[in-house]
Colleague: 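Before we start, here is the structure in question, set down as structure tokens.
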Protein chains: 2
Amino acid sequence: MPRPPSASKPATLHDVARAAGVSLITASRALGNPAVVSAKTIARVQDAVQATGYIPNLLAGGLKSKRSRMVAGIVPALAVAQFLPSVQTLTETLAAEGYQVLLGQTGYDLAREEVVLNTMISRQPDGIVFTGLVQDPAVRERLRRTGIPVVETWDLSDAPVDMLVGFSQDSVGRAVGTYFRAKGWQRVGIATAGDPRALLRKAGFEAAYGCAVPTASVAAPSNLERGRQALAELLARQPGLQAVCCSSDQLAQGVLVEAQARGLRVPQDLAVCGFGNADFAAHLWPSLSTVLIDGPAIGRLAAQLVLARCRGEAVAQPIVDVGFRIVERGSTA
Amino acid sequence: MPRPPSASKPATLHDVARAAGVSLITASRALGNPAVVSAKTIARVQDAVQATGYIPNLLAGGLKSKRSRMVAGIVPALAVAQFLPSVQTLTETLAAEGYQVLLGQTGYDLAREEVVLNTMISRQPDGIVFTGLVQDPAVRERLRRTGIPVVETWDLSDAPVDMLVGFSQDSVGRAVGTYFRAKGWQRVGIATAGDPRALLRKAGFEAAYGCAVPTASVAAPSNLERGRQALAELLARQPGLQAVCCSSDQLAQGVLVEAQARGLRVPQDLAVCGFGNADFAAHLWPSLSTVLIDGPAIGRLAAQLVLARCRGEAVAQPIVDVGFRIVERGSTA
DNA sequence: CTGTTAGCGCTTTCAG
DNA sequence: CTGAAAGCGCTAACAG
């Protein structure tokens, strides 16, 4: 029987069971594990669901079953465009399996990492997908002890907390450095947001050059404005600057704009390389050379690793290197 | 007594209470409502928390208390840069009060709105913050009946589901149209992603002109590439094009780049106006005129409305118009 | 295939 | 200020 239009408390499974004339647990199974229930009963229960307007309470189900069907997704900050394709695909892939993402932001603050992680753990997530590597060893250890599947992303490590989907930041830096040297550029500069992964790329780049490289550091998150500032700073310090390696495409775009504003031709007067292959990189004028990272793949793979663990499947490859690729475009051609 | 380093099941409040030599409920109060517990007891309980490594189970707490301390945040897609500052600030503001955001993506798909909302409701959120207005009247009504505080955002309506933080899309369109006309531009075009809100702005713009305006529609989410395509399309249809009104700064940036690639000077040959005041708008070259929307304010206000409701406070102003402002920069100066 | 029983971990009564 | 009892809504385990 349909319930009155308002006021009354939301229907519980108990109400559904009564309306369907079956026991509580049969109603539960009809909805959650229909394979073991007769077709007729399922139909009756589903009618009762319609009639009562029942919406399950996953908090209660999760408490008993110990599966919350939530996955914590932790990023430095949502506004860092870099990670969005990953988080979007992570969310979509999980949603298709009935899992939701609980969002956490560390603000690039190591002290907050622990707080955010503990907050997330208190919600009993079935998995944790972390952007970057968890820095504090004590936190890593405690995280491991929870037994919650953890996927660190966007970096590489021999000893992740649990699982990992990423690539070698150092290799990226070396590859770009090698590429720059092959181009014959001697007077080069780095524009970087200075987050842990960007610093690893800087180190790799310098390793390729075999020496320290003039660097303009800007605050994270990087954006176009800071890219403009970075180029201004680099030009002031290194007048004959030939090429700039940037820690993000946003920063690179700022370098491009500043070069344009100063009447520098790209790439003739100044070459520029970004990082990330943001959606706009290919379509700038000149188009932006960059390092392609498959962000959606990171999100999808992280989701799949978590889901596999949730299903109790063995994970053959707990460490996935998604690699990277230098995409040469107009800004360095 | 500290528990062995691994394997053992996570400590519950029961373990804490035993370690502290108090009853379960006293331990609960010491952590959740310390005002009614003696200082000595609180200290004992906190020591026990340390010793046991206790992390509360908010699923269990939420089940009994009917306060999950989660808020559903629903966006068309995370990768729509437009909404990120709102979601970021929403998440931060809520986190400061111990609330987490559960992420939902509708993919600009009306059919998914209902599915996503029901999924969220099943997690018993203490509030729902929805980007845009919920479209389906039946869904609106059912949402209202749940009694969950709902904040619709980024639009205006006399009859929101519950609460609202936004601005009038129509007014934005009219204001930009009026501005364009005052500049004397007759041969104008619109580049739009065609989402519901962008269409309202288009209608407002055309109302200001008193006639239909040539429009290039691109798929959402809008980005630089589609902005370039849009300008190409508009130029093909309207050779003497003087000015373009874009539904996002990303699109406007594409128009800027395409103009540059074609040797059109901005604003002399072609004026361009964006929407949103993205972080890069002020720093492009030429700088991009746009409509400033205070995204962080929308997120913060939405969070505050939800929090007020959670505390049982009366909300004096359930409809907040955050307004907008045309920012004139180089691209229309 | 269906039902009964028990209880997830916590917080709300209601009593001291 | 502290405690005992009850139970949030659901599902695992075991029985029929």
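Protein chains get the first letters and strands the later ones, always in sequence-line order, with residue 1 at the start of each. The figures that follow rest on heavy atoms only: side chains count, while hydrogens, waters and symmetry mates do not.
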Colleague: Check for a donor-acceptor pair, side chain of B:Thr93 on one end and backbone N or O of B:Arg300 on the other, with a separation under 3.5 Å.
Modeller: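 Checking the backbone N and O of B:Arg300 against the side chain of B:Thr93, no donor-acceptor pair under 3.5 Å is found.
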Colleague: Let me know which of B:Val129, B:Val116, B:Val87 forms a side chain to side chain contact (heavy atoms under 4.5 Å, CB included) with B:Val75.
Modeller: B:Val87
Colleague: Using side chain to side chain donor-acceptor pair (under 3.5 Å) as the criterion, list what pairs up with B:Gln304, not counting sequence neighbours.
Modeller: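 Here no residue qualifies.
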Colleague: Who passes ring pair (Phe, Tyr, Trp, His ring centres under 6.0 Å) against B:Tyr54, sequence neighbours left out?
Modeller: none
Colleague: Mapping B:Arg29 and B:Ala60 to their closest nucleotides on DNA chain C, which lands nearer the 5' end?
Modeller: B:Ala60
Colleague: Between A:Ile25 and A:Lys66, which is nearer to the 5' end of DNA chain C once each is assigned its nearest nucleotide?
Modeller: A:Ile25
Colleague: What are the bounds, 5' to 3', of the part of DNA chain C that sits under 4.0 Å from heavy atoms of chain A?
Modeller: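 Nucleotide range in contact with chain A: C:dC1 to C:dG9.
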Colleague: Hey, is the main chain of B:Val16 close enough, under 3.5 Å, to the side chain of B:Thr52 for a donor-acceptor pair?
Modeller: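 Between the backbone of B:Val16 and the side chain of B:Thr52 there is no qualifying donor-acceptor contact (under 3.5 Å).
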Colleague: Both A:His14 and B:Lys64 contact DNA chain D. Taking the nearest nucleotide for each, which residue is further toward the 5' end?
Modeller: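 Looking at the nearest nucleotide for each, B:Lys64 comes out on the 5' side.
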Colleague: CG/A:Leu307 to CG/A:Asp126 distance, rounded to the nearest 0.5 angstrom?
Modeller: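 That separation rounds to 9.5 Å.
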Colleague: Please give me every residue in residues 37-49 of chain B whose heavy atoms get under 4.0 Å of an atom in DNA chain D, ordered by residue number.
Modeller: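 Of all residues in residues 37-49 of chain B, the ones placing a heavy atom under 4.0 Å from DNA chain D are B:Val37, B:Ser38, B:Thr41.
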Colleague: For A:Tyr99, check ring pair (Phe, Tyr, Trp, His ring centres under 6.0 Å) against everything at least two apart and list the hits.
Modeller: none
Colleague: Going 5' to 3' along DNA chain D, which are the first and last nucleotides with any atom under 4.0 Å from a heavy atom of chain A?
Modeller: D:dG9 to D:dA13
Colleague: Listing request: all salt bridge (charged side-chain N to carboxylate O under 4.0 Å, His left out) pairs with a residue in residues 69-80 of chain B, at least two apart in sequence or in separate chains.
Modeller: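 Counting only pairs at least two positions apart or across chains, no salt bridge (charged side-chain N to carboxylate O under 4.0 Å, His left out) contact touches residues 69-80 of chain B.
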Colleague: Give me each pair satisfying salt bridge (charged side-chain N to carboxylate O under 4.0 Å, His left out) with a member in residues 76-99 of chain B, each pair once, sequence neighbours excluded.
Modeller: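 Every pair satisfying salt bridge (charged side-chain N to carboxylate O under 4.0 Å, His left out) with a residue in residues 76-99 of chain B: B:Glu97-B:Arg311.
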Colleague: Please enumerate all residues that pass side-chain contact (heavy atoms from CB on, under 4.5 Å) together with B:Pro318, with sequence neighbours excluded.
Modeller: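 Testing B:Pro318 for side-chain contact (heavy atoms from CB on, under 4.5 Å), a comparison that skips the adjacent residues, returns B:Met163, B:Val315.
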Colleague: Taking five pairs at each end, how big is the angle between the two axes of the helix from C:dC1-D:dG16 to C:dG16-D:dC1, to 10°?
Modeller: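 One end axis against the other gives 30°.
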Colleague: For B:Ser65 and A:Gly32, find the nucleotide of DNA chain D closest to each by heavy atoms; which residue's nucleotide sits nearer the 5' end?
Modeller: B:Ser65
Colleague: Just how far is it from atom CG of B:Leu301 to atom OG1 of B:Thr153, taken to the nearest 0.5 Å?
Modeller: 11.0 Å
Colleague: For residues 104-120 of chain A, pull every pair meeting side-chain hydrogen bond (donor to acceptor under 3.5 Å, both in side chains), keeping only residues two or more places apart or in separate chains.
Modeller: A:Glu114-A:Arg142
Colleague: Do any pairs count as a salt bridge (charged side-chain N to carboxylate O under 4.0 Å, His left out) and have a residue in residues 22-45 of chain B, sequence neighbours left out, and if so which ones?
Modeller: none
